[in-house]
Amino acid sequence: MSTTHKAWRVGDDIDTDQLAPGAYMKFGIADIARHCLEGVRPDFAGGVRPGDVLVAGRNFGIGSSREQAAAALVELGLHAVIAPSFSGLYFRNAFNVGLLLVTCERAGEITEGERVIIDLAGHRVLRADGAVLPCEPVPDFLLDMVRAGGLLMQLKRRLADGSLARHPMKA
């Protein structure tokens, strides 16, 4: 059976300052994560559990290029973010730190606290009521990056097993 994930909801235009507040950027990622989304979901950082998913509105991750905005969600154990659209910079940063992003036009149909299944092979999200939400495919190379724990971990593994030396352009 596929793993279900509890959904946490936020709206449109969640920016990087809400995910990694500027006032805490001088601290480590654990401290930054404790303040993740506190302006819009004060209960989030203390309540989210490993394996949960964040369901957002349009333009998730807009704002600065701070990598900590994605890393804070990884630190909290989030499985994925499901949203209709993501900032381009956030999209790249998320996969670089091993955070799965699922682009789903109908993400707004998922309710707070609902348990969902992300079916990456089928390019869809399965809702608790049986509804199927089609999603954009996540390219294999990005899924490999997430499974490795991010770009840095992926490169370390490839260096260790020698595959980077054999295929340097496939890093």
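FYI, side chains are in, hydrogens and waters are out, and symmetry mates aren't considered; it's all heavy atoms of this structure.
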Open item on the list: I need the R41 CZ to E112 CD distance, nearest 0.5 Å.
Closed with: 4.0 Å
Open item on the list: Looking only at the side chains, is there a donor atom on one of N59 and D12 sitting less than 3.5 Å from an acceptor on the other?
Closed with: no
Open item on the list: Less than 4.5 Å apart, side chain to side chain, heavy atoms only: is that true for Y24 and E38?
Closed with: yes
TODO: Can you measure from CG (N96) to CG (N93) and round to the nearest 0.5 angstrom?
DONE: 6.0 Å
Task: Side chain E67, main chain V97, donor-acceptor under 3.5 Å - done: no
Open item on the list: Test of understanding: clusters of I, L, V, M, F, W, Y form through side-chain heavy atoms closer than 4.5 Å, transitively. Do V48 and I118 belong to the same one?
Closed with: yes
Task: Test: K6 and D52 ion pair at under 4.0 Å - done: no
- [ ] Please check if L19 and M25 belong to a single hydrophobic cluster, counting links between Ile, Leu, Val, Met, Phe, Trp and Tyr side chain heavy atoms closer than 4.5 Å.
- [x] no
TODO: Could you grab the distance from atom CD of E109 to atom CD of E114, nearest 0.5 Å is fine?
DONE: 9.5 Å
Open item on the list: So which atom in L76 and which in C36 form the shortest heavy-atom distance, rounded to 0.1 Å?
Closed with: CD1-CB, 3.9 Å
Open item on the list: Side-chain heavy atoms nearer than 4.5 Å, only ILVMFWY residues, links allowed to pass through others: does that put M145 and L89 together?
Closed with: no
Open item on the list: For Q18 versus D13, what's the shortest heavy-atom pair and its separation?
Closed with: OE1-O, 3.8 Å
Task: For the student: nearest non-hydrogen atoms of V125 and C135, plus distance - done: CG2-SG, 3.6 Å
Task: Under the side-chain hydrogen bond (donor to acceptor under 3.5 Å, both in side chains) test, residues paired with D15 that sit two or more places apart - done: none
Task: Test item: L151 and L155 side chains (from C-beta on) under 4.5 Å apart, heavy atoms - done: yes
Task: Beyond-backbone contact of P134 with R124, side-chain heavy atoms, under 4.5 angstrom - done: no
- [ ] Working to the nearest 0.5 Å, report the span between CG of L152 and CZ of R157.
- [x] 11.0 Å
Open item on the list: Applying side-chain hydrogen bond (donor to acceptor under 3.5 Å, both in side chains), can you list everything that pairs with R49, at least two apart in sequence or on another chain?
Closed with: none
Open item on the list: If the condition is side-chain hydrogen bond (donor to acceptor under 3.5 Å, both in side chains), which residues does D140 pass it with, not counting sequence neighbours?
Closed with: none
Task: Contact check, side chains of L142 and R92, non-hydrogen atoms, under 4.5 Å - done: yes
Task: Atom pair CG/CG of L143 and L120 - distance to nearest 0.5 Å - done: 5.5 Å
Task: Heavy-atom check, side chain of L100 versus side chain of F95, under 4.5 Å - done: yes
Open item on the list: By the side-chain hydrogen bond (donor to acceptor under 3.5 Å, both in side chains) test, which pairs, at least two apart or in different chains, include something from residues 68-91?
Closed with: none
Task: Any donor-acceptor N/O pair, H5 side chain to V116 backbone, under 3.5 Å - done: no
- [ ] Would you please name every residue forming a side-chain hydrogen bond (donor to acceptor under 3.5 Å, both in side chains) with E136, sequence neighbours left out?
- [x] none
TODO: Over 60° means perpendicular and under 30° means parallel, so classify the ring planes of W8 and F44, tilted if in between.
DONE: perpendicular
Task: Where at least one partner belongs to residues 107-154, residue pairs that pass ring pair (Phe, Tyr, Trp, His ring centres under 6.0 Å), sequence neighbours excluded - done: none
- [ ] For the residue pair L54 and L37, establish whether any side-chain heavy-atom pair is separated by less than 4.5 Å.
- [x] yes
